[in-house]
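Below is one structure, written out as C-alpha cells, with a few remarks after it.
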Amino acid sequence: MTNYARMYRFGMTPWERYGKAAGDSIAALLDREEADRSRPLGRALDLGCGRGQFTPELARRGWEAVGVDYVPAAIEAARSKAEEGVTYVVGDVTDLEASGLGTFGFFIDIGCFQGFEPEQRRAEGRGVTALADPGATLLMLAFGVTRLRSRIGGVSQAEVEAAFPDWEMLDVRPAETAGLGWPMNRTSPQWYRLRRRG
C-alpha cells in the first residue's frame, strides 16, 4: 500500500499535479455526470479526497459533497479552505461501512484505488457498493500497468471490474497525460465509469 501520509509530507502528490494539468477534461466528465441526472443532484463522495482539490467543484455544481481521506493532515488542510456545501471526514475508504457517512449517488476516485493492494481494492469496492444508491455511478482515474510497476502500482480494467463485481462498466477512455511529467506520463492513465447494477 502506498504511504500517502509520507507522500504528502514530502510533497509527492502526482494526483494533485494531474488535477491541475487535466482540469478541463475533468470538468467535461463531471458535465456528463450532471447531464445524466435530474435536479437536485444528490450526494457525492470524493474517495481519497486529500487536501480537497476536487471536492469543492462537486459542491459548486450542486452536489452535496463529502470528501473522505485517512490522512488527518490532508483533511485538516482541506477543512482550512472548505467551501459551503462541502464536508470533509477522516476515514478509511477500505472500511467505508464503518464510516457512518450515509449513501451516495455519485463517487469519484482520482488516484485512491491506485495505491492499494488487491485485497484493499476489493475492500474499497465492497464499501462503495454498500454506500451506493440504486443506479449510482463511479468515476475513477487509474494509471495503467507499466515497466515501472515496482514504483507505480498500475491498474488494469480487469482489476477494476474484479473490485466492483456488482457494477457495470459504462465507459473506459484514455486520460490526458499532458503536464504530468516523467514517469507518470508513461503510465497510460484511464478514466473508468461504472454504474451500480439494480
Side-chain angles (χ1 to χ4, degrees), residues 1-10 12-16 18-19 33 42-56 58-59 63-80 82 85-143 152-169 190-198:
M1 175 181 172
T2 300
N3 188 323
Y4 284 108
R6 181 178 300 161
M7 293 182 78
Y8 279 111
R9 190 162 48 248
F10 291 104
M12 298 182 296
T13 53
W15 53 92
E16 292 182 332
Y18 185 83
E33 293 298 330
R43 304 185 74 220
L45 182 61
D46 185 356
L47 299 155
C49 67
R51 294 182 282 211
Q53 184 177 15
F54 308 105
T55 324
L58 299 173
W63 299 94
E64 182 185 337
V66 178
V68 60
D69 200 288
Y70 86 102
V71 180
I75 290 294
E76 183 179 344
R79 286 174 176 164
S80 72
V86 180
T87 302
Y88 292 107
V89 178
V90 176
D92 185 351
V93 301
T94 66
D95 191 19
L96 285 171
E97 293 172 85
S99 64
L101 294 174
T103 62
F104 298 86
F106 178 52
F107 301 82
I108 188 167
D109 179 333
I110 301 181
C112 184
F113 186 87
Q114 181 82 41
F116 292 147
E117 300 297 332
E119 179 50 43
Q120 293 168 313
R121 291 174 176 175
R122 289 189 290 271
E124 177 182 340
R126 290 190 297 270
V128 168
T129 301
L131 271 55
D133 293 327
T137 57
L138 164 67
L139 184 63
M140 177 189 292
L141 172 74
F143 296 104
I152 302 169
V155 176
S156 68
Q157 179 176 340
E159 289 172 307
V160 174
E161 291 174 328
F164 293 88
D166 297 318
W167 298 64
E168 61 176 320
M169 186 68 68
Q190 303 288 317
W191 283 106
Y192 298 97
R193 186 172 184 246
L194 302 90
R195 180 169 56 211
R196 176 74 160 93
R197 292 190 178 96

Has the side chain of R121 got a donor or acceptor atom that lies under 3.5 Å from a matching backbone atom of F116? yes

S99 versus L131, closest heavy-atom pair with distance: OG-CD2, 4.2 Å

Determine the minimum heavy-atom distance between L58 and D46, stating which atoms define it. CD1-CB, 4.4 Å

Would you please name every residue forming a ring-ring contact (aromatic ring centres under 6.0 Å, His included) with Y88, sequence neighbours left out? none

All heavy atoms of P56 vs all of V86, minimum pair found to be CA-CG2, 4.0 Å

Give the C-alpha distance, both sets of side-chain angles, the deciding distance and a yes or no for side-chain contact (heavy atoms from CB on, under 4.5 Å) between Y70 and V93. CA-CA 8 Å; Y70 86 102; V93 301; over 6 Å; no

Output, in order, the C-alpha distance, side-chain angles, deciding distance and verdict of side-chain contact (heavy atoms from CB on, under 4.5 Å) for V160 and Q190. CA-CA 11 Å; V160 174; Q190 303 288 317; over 6 Å; no

Looking at C112, is its backbone amide N or carbonyl O close enough to the side chain of D109 to form a donor-acceptor pair, meaning the two atoms are under 3.5 Å apart? yes

Inter-residue atom distance I108.CD1 - L141.CG, 0.5 Å rounding: 9.0 Å

Is the backbone of T94 close enough, under 3.5 Å, to the side chain of Q120 for a donor and an acceptor to pair up by distance? no

To the nearest 0.5 Å, what is the distance between CD (E97) and CG (D92)? 12.0 Å

Any idea which heavy atoms bring A59 and A65 closest together, and the distance? N-CB, 3.9 Å

Tell me, do Y192 and W167 make a side-chain contact under 4.5 Å, heavy atoms counted? no

Determine the minimum heavy-atom distance between D69 and C49, stating which atoms define it. OD2-N, 3.5 Å

State plainly whether the residues R193 and E33 are in salt-bridge range, i.e. N to O under 4.0 Å. yes

To the nearest 0.5 Å, atom CH2 of W191 lies from atom CG of L139 at 5.0 Å

E168/R195 salt bridge by N-O under 4.0 Å criterion: yes

Would you say E76 has more than 12 foreign heavy atoms packed within less than 6.0 Å of its CD? no

Nearest-0.5 Å distance, CG of residue D166 to CG of residue L194: 11.5 Å

Quick check against the 3.5 Å criterion: does R197 have a side-chain atom that pairs as donor or acceptor with the backbone of P165? yes

For V66 and L101, work out which heavy atoms get closest and say how close. CG1-CD2, 4.3 Å

So which of F106, F107, F104, F113 actually passes side-chain contact (heavy atoms from CB on, under 4.5 Å) with L138? F107

Show, in sequence, the C-alpha distance, side-chain angles and deciding distance for R196 and D133, and conclude whether the side-chain contact (heavy atoms from CB on, under 4.5 Å) test is met. CA-CA 8 Å; R196 176 74 160 93; D133 293 327; over 6 Å; no

